[in-house]
Protein chains: 2
Amino acid sequence: MSFAQLPIPTDGLKRSFSERQEFMTENTPASMHFHVVSGGARLFKSLPDGRRQIIGFAHRGDVLPGYPCARYPYSAEAMRGVQVTCVPTPVIHHLHDTSPGACAASLQSACHLLVGMHSRLLMLGRQTARERLAAFLIGQGTRMGTHELKPVDPALSRADIADFLGLTTETVSRLLSTFHREKLISRERRAIHILDPDRLRAIVATPE
Amino acid sequence: MSFAQLPIPTDGLKRSFSERQEFMTENTPASMHFHVVSGGARLFKSLPDGRRQIIGFAHRGDVLPGYPCARYPYSAEAMRGVQVTCVPTPVIHHLHDTSPGACAASLQSACHLLVGMHSRLLMLGRQTARERLAAFLIGQGTRMGTHELKPVDPALSRADIADFLGLTTETVSRLLSTFHREKLISRERRAIHILDPDRLRAIVATPE
DNA sequence: CGGGGGATTGATTTTTTTCAACTAGCGTGG
DNA sequence: CCACGCTAGTTGAAAAAAATCAATCCCCCG
């Protein structure tokens, strides 16, 4: 998932966060936006009892939350480490007010996100665990316009995948084993390599 | 769910569609935007085998899809009848280019949608059937800033509710019966009246 | 050479779906 | 005006999907 890519002034306060550090908290006042310079972050919402849904992942170039809002709609936590430049919200607003292009760019990226969300609603609401995992692998592999599918980022734990797909780690693990047995993927350490994109794609929209 | 509310020129082509008529089809070129004048529409995505996820509902004042996109990200179908004014996509673009306010307004409404989507991801991915239905009833009742909770729109069938929540009609029906037994709601015909908002709200974020 | 966290696997339970029967309105046409 | 038939809704029983509970396993790191 790619997030807002704005022409951000680079003179903002630069900060670093280490593995698992939460640097943005759901529902707190959105005083800053975070422009990811390096590393990655997981974006998630939680329920009071700890259940967690990963909304997306942020990478170099993404801005969080990247669109106007009074409070952060989700939390963000560093995967490995992450470097960000912090941009005060008023600066973003000022940017929108003065530069006509900035507003249009934000709108553009918000719409891109929105369209992706629609697909994820369909996935979470109506697809089976097997279909969801196949879709996830394809989606991850497709990041970057490369023709060949890339392996899944080893920074993602099984729990991350599970929380992204609305499943448990056990279910994810079992399905990965099944896919492995079916020679759709190979696994080395955490990295998952896609062996048969076509057959994976066929799974995504097929009942059995 | 409320959709984009833009200052649309009212001189567009006015059209009417009757119950169940699909007037916007997922993945076809987005040549028109539809400004809902009266009635309502269900917005949905489908899988090849017929599984359906309702993305949202559109009412008077909403614009579909309301944000720039080359192809419609979902389909729209009339509930009861619906009256719309059709606005060619280029007009929308022109509006964004010329009026700075228009672009900001679109961004605003896109963000509002986006924030709602995040919550729905959490709901579909991590909440139980019971919690989802309770959330839905609260959400429907809260439409309009009224303090009192309104009954659920009788134009919504059980299938609509199920497809919105990622459940089956049977599950929805059973849960509604349970809620009725627990005196949380009352039913007359299709309309569902909320009797105990507080207890319903308590269900939303609680594991039993 | 342990120790520990994540991952995998297995057995069992729970939740939800599926399949099936039945019921209640509602509109239509005899 | 009433009976028929249709569609939507409800309910029950059985099946399936996924979660939960419980053992290991496997690296990686100290």
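First the proteins, then the strands, lettered A, B, ... as listed; each starts at 1.
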> Between R126(A) and S173(A), which has a closest nucleotide on DNA chain C that is more 5'?
Replying inline: S173(A)
What contact category does [X] fall into here, base, sugar-phosphate, or nothing, at under 4.0 angstrom with non-hydrogen atoms?
X	answer
R132(A)	nothing
R20(B)	sugar-phosphate
S157(A)	sugar-phosphate
S177(A)	sugar-phosphate
L176(B)	nothing

>> Whether R120(B) engages the ring of F164(B) as a cation-pi pair (distance to the six-membered ring centre under 6.0 angstrom, angle to the ring normal within 45°) should be assessed.
In response: yes
> Of the candidate nucleotides dT16(C), dA22(D), dG9(D), which contains the atom at the shortest distance from the side chain of L167(B)?
Replying inline: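 My answer, after comparing the listed nucleotides, is dT16(C).
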>> Of the options dA18(D), dG9(D), dA7(C), whose atoms approach the side-chain atoms of T171(A) most closely?
In response: dA18(D)
> Below 4.0 angstrom, N of the basic side chain to O of the carboxylate: do D153(A) and R80(A) qualify?
Replying inline: yes
>> Check the orientation of H93(B) and H96(B). Use parallel for under 30°, tilted for 30 to 60°, and perpendicular for over 60°.
In response: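 Judged by the thresholds at 30° and 60°, the geometry between H93(B) and H96(B) is perpendicular.
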Tell me: [atom1] of [X] to [atom2] of [N], nearest whole Å?
X	N	atom1	atom2	value
L133(A)	dA18(D)	CG	C1'	14 Å
I192(B)	dT10(D)	CD1	C1'	13 Å
R51(A)	dT20(D)	CZ	P	9 Å
L156(A)	dG6(C)	CG	C1'	14 Å
R181(B)	dT10(D)	CZ	C1'	11 Å
E170(B)	dA15(D)	CD	P	16 Å
E19(B)	dA8(D)	CD	P	10 Å
D160(B)	dG9(D)	CG	P	8 Å

Measuring to OP1 and OP2 of [N], would you say a side-chain N or O of [X] lies under 4.0 angstrom away?
X	N	result
R190(B)	dA8(D)	no
T168(B)	dT17(C)	yes
R187(B)	dT10(D)	yes

> Is there a donor and acceptor pair closer than 3.5 Å between the side chain of R174(B) and the base of dG12(D)?
Replying inline: yes
> Taking side chain as C-beta onward, heavy atoms only, is R20(A) less than 4.5 Å from E77(A)?
Replying inline: yes
>> When you compare the side chain of D196(A) with that of K183(A), does any pair of heavy atoms fall below 4.5 Å?
In response: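 No, their side chains stay 4.5 Å or more apart.
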